[in-house]
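Down below is the structure, laid out as structure tokens.
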Amino acid sequence: MEEHTDYIEFERPNDRKVRVVFELYRFEILFHYCEYWHSESTGWKSMKKGDDGYFEYTAPDENGEETNYKIKYPTFQEMMSAQAEIGKRYNLIDV
């Protein structure tokens, strides 16, 4: 097992999702980042945490009009559980 990525997903209201993506190398987590999923047509995209704990973005609505949305950034508890799950999955060394 050399370099690869893996992720843990979390559900959000209205069939939206967020995930914490981990870049792994051998038995270490090199870094992580977060992505959101609005719909099948938009796919997964990077996100940044706003001051209020949400990420704001625009996406087409049912009529094809660009609409503003907010999605809850992964919480500290979600990030810690994601890291623990990845650690168990790959038997990573916890330092």
Side-chain angles (χ1 to χ4, degrees):
M1 173 173 62
E2 289 295 316
E3 187 174 345
H4 69 284
T5 59
D6 200 354
Y7 58 87
I8 304 295
E9 289 182 9
F10 299 98
E11 297 291 324
R12 293 294 185 260
N14 301 317
D15 297 324
R16 310 269 187 324
K17 300 174 191 172
V18 295
R19 68 182 178 189
V20 183
V21 182
F22 295 91
E23 183 76 33
L24 301 143
Y25 180 72
R26 295 190 182 176
F27 298 104
E28 293 182 73
I29 295 173
L30 299 178
F31 62 93
H32 71 274
Y33 55 93
C34 297
E35 295 179 323
Y36 73 95
W37 186 87
H38 179 80
S39 67
E40 193 70 37
S41 63
T42 59
W44 288 99
K45 299 195 178 191
S46 294
M47 64 189 302
K48 285 178 94 174
K49 185 177 183 179
D51 292 337
D52 62 354
Y54 285 81
F55 173 69
E56 295 184 38
Y57 64 96
T58 58
D61 63 14
E62 307 83 38
N63 303 322
E65 303 279 331
E66 288 291 318
T67 306
N68 293 326
Y69 296 95
K70 287 175 85 170
I71 191 167
K72 180 82 172 149
Y73 195 82
T75 65
F76 179 75
Q77 290 81 9
E78 287 173 328
M79 293 177 105
M80 293 305 293
S81 74
Q83 183 175 344
E85 177 64 29
I86 291 293
K88 288 179 199 169
R89 192 177 291 174
Y90 294 98
N91 197 26
L92 301 179
I93 301 169
D94 190 18
V95 180

On a heavy-atom basis, the closest approach of N91 and F27 is O-CD2, 4.3 Å
Tell me whether N63 contacts the main-chain N or O of E65 through its side chain, where contact means a donor paired with an acceptor under 3.5 Å.
no
Quick test of your reading of the model: are E2 and R26 salt-bridged, counting only N-O distances below 4.0 Å?
yes
Joint cluster assignment, L92 & V20, ILVMFWY side-chain distance < 4.5 Å:
yes
Would you indicate whether the side-chain heavy atoms of C34 and F55 approach each other to under 4.5 Å?
no
Verify same cluster id: F10, M79 (apolar side-chain graph, 4.5 Å)
yes
Would you say the side-chain atoms of D52 pair up with the backbone N or O of Y54, donor to acceptor, closer than 3.5 Å?
yes
Do M80 and F22 sit in the same hydrophobic cluster, where Ile, Leu, Val, Met, Phe, Trp and Tyr count as joined when their side-chain heavy atoms come under 4.5 Å apart?
no
What residues, two or more places apart in sequence or in another chain, satisfy salt bridge (charged side-chain N to carboxylate O under 4.0 Å, His left out) together with R89?
D6, E85
Ring of Y69, cation from R16 - is the NZ or CZ under 6.0 Å from the centre and inside 45° of the axis?
yes
Tell me, please, whether W37 has R19 positioned over its six-membered ring: NZ or CZ under 6.0 Å from the ring centre and within 45 degrees of its axis?
no
Are any of the side-chain nitrogens in E78 or R12 under 4.0 Å away from the carboxylate oxygens of its partner?
yes
With a 4.5 Å cut-off on side-chain heavy atoms, are V21 and E35 touching?
yes
